[in-house]
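The residues of the chain are indexed from 1 along the displayed sequence.
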Amino acid sequence: MTTLVTGATGNTGRHVVRELAGRGEPVRALTRDPARAAGLLPAGVELVTGTHTAPETLDAALDGVSRLHITVTAGLAEAGPELVRRAVDAGVRRITVVWGGFVGPVEQAVADSGVEWTRLEPQEFMSNTLTWIDSIRAEGVVREPYDFPSALVHEADIGAVAAVALLDDGHAGRAYNLTGPESLTSRERIAVLSRTIGRDIAFVPITHEQAVERLMATGVSRADAEYVIGWYAAPPEDATTVVDTVERVTGRPARTFAEWVAEHADRF
């Protein structure tokens, strides 16, 4: 049975592809840029050109697919329900979805699809730390408005849970809150980074508005920027509380932030 993975070169999608391919499962990877994807994904993965935000173009990509993985990204809220409908009509019988931070139209369409589904609810991704690269490399500083604890989760653990839910029985109708094994503040994350790369890094507080404007400068709308920075101002309890879902589902402990940093240290 073939699995179609949307957003196959994204932060989590690539890990879903690797986990499935590592199990010897047939995988079809949906990507806007197959040439780039070929250098990022395992050999033998079938690459198909397209985007999940244009489901009307995906009939061929969905042909023969029995399992589907969706990552909710910007622009999917309107198109997502149509993607789910077309997938079910094409014969998909099991869906995993990485939520966008809340149960929106796509997540609800999956839950109402009539097929087996599992919703993955990761809290903050460890890869968010990559937004610090430029300021660390240029100045040895991190500028953030809040120093809050976060139970960050490794993207590979999200991929591992998705693969289990796609391939194994017993996960239908479940919503899995996913965290790492520890809750760390920004200063504590900086300390791990400092030790690993052998460089002092300072935490420099900025205002809420400065953080919003910085995010807007990357092309994010003010409403979305306010939502993101507002989340950091008052993160929900689920975002700061460690749970053992990754270990319960996959059978091994969740990866630590120190492990993530070791994998990406050269980028800092």
Side-chain angles (χ1 to χ4, degrees), residues 5 7 9-20 22 69-73 96-103 107 118-133 136 142 144-166 168 171 174-197 201 203 227-268:
V5 178
T9 60
N11 281 343
T12 59
R14 71 182 68 183
H15 291 291
V16 179
V17 172
R18 289 171 183 162
E19 288 282 343
L20 293 171
H69 177 77
I70 303 171
T71 299
V72 177
T73 59
T96 53
V97 56
V98 176
W99 75 341
F102 57 92
V103 178
E107 294 87 347
T118 307
R119 185 169 64 245
L120 309 183
E121 301 181 353
Q123 301 306 316
E124 187 177 10
F125 292 6
M126 290 183 184
S127 61
N128 286 358
T129 309
L130 295 174
T131 61
W132 296 348
I133 285 177
I136 288 176
V142 169
E144 292 294 343
Y146 306 106
D147 186 29
F148 68 97
S150 176
L152 305 102
V153 61
H154 196 302
E155 299 76 39
D157 284 334
I158 301 171
V161 171
V164 171
L166 284 164
D168 299 346
H171 304 281
R174 303 286 186 87
Y176 286 139
N177 177 31
L178 303 178
T179 76
E182 56 195 343
S183 188
L184 301 172
T185 66
S186 294
R187 293 180 190 272
E188 289 170 334
R189 290 158 62 186
I190 290 169
V192 175
L193 274 166
S194 294
R195 289 194 299 271
T196 304
I197 68 175
I201 304 170
F203 178 83
Y227 172 80
V228 171
I229 304 305
W231 186 92
Y232 287 126
E237 184 177 355
D238 284 347
T240 62
T241 304
V242 171
V243 294
D244 65 350
T245 311
V246 170
E247 184 168 7
R248 285 191 291 105
V249 174
T250 68
R252 57 162 182 74
R255 294 169 174 88
T256 66
F257 183 65
E259 289 177 278
W260 183 93
V261 170
E263 295 166 10
H264 298 275
D266 60 332
R267 304 178 68 176
F268 291 89

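- Residues meeting the ring pair (Phe, Tyr, Trp, His ring centres under 6.0 Å) test with Phe125, sequence neighbours left out: none.
- In this structure, Ser127 and Asn11 approach most closely via the heavy-atom pair OG-ND2, 3.3 Å.
- By the side-chain hydrogen bond (donor to acceptor under 3.5 Å, both in side chains) test, Ser186 is found to be paired with no residue, residues two or more places apart in sequence or in another chain being considered.
- With a 4.5 Å cut-off on side-chain heavy atoms, His154 and Glu263 count as touching.
- In terms of heavy atoms, Glu121 sits closest to Ala175 at OE2-CB, 3.6 Å.
- A 4.5 Å side-chain heavy-atom check between Thr196 and Phe268 finds every atom pair outside the cut-off.
- Side-chain contact between Thr185 and Phe203 is absent, with no heavy atoms from C-beta onward closer than 4.5 Å.
- Separating the NE2 atom in His69 from the OG1 atom in Thr96 is a distance of 5.0 Å, to the nearest 0.5 Å.
- Looking at residues two or more places apart in sequence or on another chain, you find a ring pair (Phe, Tyr, Trp, His ring centres under 6.0 Å) between Phe257 and Trp260.
- Residue pairs meeting the salt bridge (Lys or Arg N to Asp or Glu O under 4.0 Å) criterion with at least one member in residues 230-247, sequence neighbours excluded: Asp244-Arg248.
- The side chain to side chain contact (heavy atoms under 4.5 Å, CB included) test applied to Asp266 returns no partner, not counting sequence neighbours.
- Between Ile158 and the options Val16, Leu120, Thr71, a side-chain contact (heavy atoms from CB on, under 4.5 Å) holds for only Leu120.
- The side chain to side chain contact (heavy atoms under 4.5 Å, CB included) check on Ala258 picks up Val192, Thr256, with sequence neighbours excluded.
- A pairwise comparison of heavy atoms in Ser183 and Val242 identifies N-CG2, 3.7 Å as the closest pair.
- When the side chain to side chain contact (heavy atoms under 4.5 Å, CB included) test is applied to Glu19, the partners found at least two apart in sequence or on another chain are Ala160, Ala163.
- Residues Val98 and Pro122 share a closest heavy-atom pair of CG1-CG, 3.8 Å.
- Across all their heavy atoms, Val246 and Thr250 have their closest contact at O-OG1, 2.6 Å.
- For the pair Asn128/Leu152, no side-chain contact is recorded, criterion being any heavy-atom separation below 4.5 Å from C-beta on.
- Taking CZ of Arg189 as the start and OG1 of Thr129 as the end, the distance is 4.0 Å to the nearest 0.5 Å.
- For Thr118, there are no side-chain hydrogen bond (donor to acceptor under 3.5 Å, both in side chains) partners, not counting sequence neighbours.
- Across every non-hydrogen atom of Tyr227 and Gly101, the tightest pair is OH-O, 4.1 Å.
- Among residues two or more places apart in sequence or in another chain, the side chain to side chain contact (heavy atoms under 4.5 Å, CB included) test is passed with Val243 by Asn177, Thr179, Thr245.
- Residues satisfying the ring pair (Phe, Tyr, Trp, His ring centres under 6.0 Å) criterion with His171, sequence neighbours excluded, are Tyr176.
- Legend: salt bridge (Lys or Arg N to Asp or Glu O under 4.0 Å) pairs involving residues 145-155, not counting sequence neighbours, sorted by first then second residue: Asp147-Arg187.
- In this structure, CZ on Arg267 lies 13.5 Å from CD1 on Ile197, to the nearest 0.5 angstrom.
- Rounding to the nearest 0.5 Å gives a distance of 7.0 Å between CD1 of Ile190 and CD1 of Ile201.
- Among pairs with a residue in residues 250-260, those fulfilling salt bridge (Lys or Arg N to Asp or Glu O under 4.0 Å) read Asp157-Arg252, Asp157-Arg255, at least two apart in sequence or across chains.
- We find the CH2-CD distance between Trp99 and Glu107 to be 8.0 Å, quoted to the nearest 0.5 Å.
- Judged purely by distance below 3.5 Å, without hydrogens or angles, the side chains of Trp231 and Glu124 never pair a donor atom with an acceptor atom.
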